[in-house]
Amino acid sequence: MKPRLMPAALAASLLAWVPAQGETVAPSDVEIVDLAVEASLTGAAGDAEKGRAWFLDRKLGNCLACHMNSDMADQPFHGEVGTPLDGVGDRWSAAELRAILVNSKEVFGPDTIMPAFYRDSGFHRVAEEFEGKTILTAEQVEDVIAYLLTLKE
Amino acid sequence: MRGTVAILGASALAIAGFAGFGIADEEAELVVEGETLVSRVAAPEWHPLDQLMSGWVFRSDETQALQLDDFENPGFAAITLAEEVWETAAGTSGKSCADCHGDAGEAMKGLRAQMPKWSETAGEPWTLEDWINWSRTEHQGAEAWKWESDEMLAMTAFIGLQSRGMPVNVQIDGPMEEWWERGKELYYTRVGQLDLACYHCHEGNYGNMIRADHLSQGQVNGFPVYRLKWGKLGSIHRRFKGCMENIRAVPYKRGSDEFTALELYVASRGMGLSVETPSVRN
């Protein structure tokens, strides 16, 4: 069993660079170490219910576009591009899921089709509206992680 | 499953609003007006894929059916318009297309299959739109049509129709090689906030659903296509633009060197597939 999300205070005592509670880590400051990001990006735990909404929202996570998810069986059209996410909370820890969401390329390799949800630079020809922005906010990333951890088999 | 298609015929338009949904019968044959078109073909040696498939293969049964019968095909309204324009005098020359070219069925046959085609005059490849506008301005003494205008869409569909059933066969060597390489580079370059390239969806994931869309190989042999979502015909470059916008990228301009190079490269990825113009997509 992978460890669940650590309380922020504990995480902070383990990792010197972690910001004080309530302070958000900027996209360029997130360090992915050993395929994981230990500390919460916001210093707080996410809200699984909100995370479920961001997962579904076509303008935010739009995760269902690529991933099948039985927890959303009431929704039509689950994608077939990515791995089905049933039981994903058993397979990965919060820290690993955080790394996958922040920048999937660091975990799956440079060729992955899965977008990086918490990166704001290094892209080409980004539409003006999204220039210099991340797809999800730090808070939304934490919410989605909390939601993914509820997907157990 | 296939048997339902013929019965659907008349009611297909009513269903069309939902036509994006439902998985197509991927074994279906594309027989239009009694002629079997090549919708699957072995890829040329250099190609990253083994088998090339028309976008038609991936459409739902209802959308597929609309293309089997020219009376059901909503793209044919534009053909009627173009037939008229072909015969109508325009510009300072006072001549019509027909005055110089005669019967479109003979004069324009095979052209679509070779597009984009090298222009000696310009020293660059020209798309069908470029050839048409060259003839309008240089020969007819008329104004160029806008890329996505009704007239241009109708004329490219009408000229394309004269090559229906012929295999896509674009030149990629000689002076075209440099353009083809540029197009290839664009095809494999990640763009936009979603940081994706054409190949991620159309080479690595064709056949997979991406939410409600059944991903095809992104072939251009059916263009201009009548897209139910657009409610009209649309050009190849409009489709490229849409795909780039979906990944939150700044698209290139219609008619730009970049899109011409990309069109050449994508067309070459469909070598051997039949021209289907005007095809129907959702």
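Atoms considered below: every heavy atom in the structure, side chains included; atoms not considered: hydrogens, waters and symmetry mates. Predicted model, so just to flag it, every value in this text is computed and none were measured. Throughout, protein chains are lettered first and strands after them, A, B, ... in sequence-line order, and every chain is numbered starting at 1.
The part of Leu196(B) that comes within reach of chain A is its side chain, from C-beta onward, which places non-hydrogen atoms under 4.5 angstrom from that chain. No part of Ile247(B) comes within reach of chain A, as not one of its non-hydrogen atoms sits under 4.5 angstrom from that chain. Residue Tyr206(B): no heavy atom, backbone or side chain, is found under 4.5 Å from chain A. Only the side chain of Asn62(A) comes within contact range of chain B, with heavy atoms under 4.5 Å apart. For chain B, the nearby part of Lys105(A) is the side chain; its heavy atoms alone come within less than 4.5 Å. For Gln75(A), the part lying near chain B is the side chain, with the backbone staying farther off; criterion is any non-hydrogen pair under 4.5 Å.
Between chain B and the residues Arg125(A), His67(A), His124(A), the largest count of heavy-atom pairs under 4.5 Å involves Arg125(A). Ranked by heavy-atom pairs under 4.5 Å with chain B, the list Gly122(A), Pro115(A), Cys66(A), Ala116(A) is led by Pro115(A). Counting heavy-atom pairs closer than 4.5 Å to chain A, the top residue among Arg248(B), Arg190(B), His200(B) is Arg248(B).
Tested against Phe223(B), the residues Leu233(B), Thr156(B), Leu153(B), Ile236(B) include a single side chain to side chain contact (heavy atoms under 4.5 Å, CB included) partner, Ile236(B). Applying side chain to side chain contact (heavy atoms under 4.5 Å, CB included) to Arg269(B) and the options Leu49(B), Val168(B), Leu52(B), Val220(B) leaves one that passes, Leu49(B).
Ser54(B) is not listed as a side-chain neighbour of Gln219(B), based on a closest heavy-atom distance of 4.5 Å or more.
By the side chain to side chain donor-acceptor pair (under 3.5 Å) test, Tyr147(A) is found to be paired with Asn69(A), Asp71(A), residues two or more places apart in sequence or in another chain being considered. Partners of Arg227(B) under the salt bridge (Lys or Arg N to Asp or Glu O under 4.0 Å) rule, at least two apart in sequence or in another chain, do not exist in this structure.
Using the six-membered ring where Trp is involved, Trp46(B) and Trp180(B) have ring planes that are perpendicular, over 60° apart on the 30 and 60° scheme.
A salt bridge does not link Asp257(B) to Arg182(B): none of the charged side-chain nitrogens sits closer than 4.0 Å to a carboxylate oxygen.
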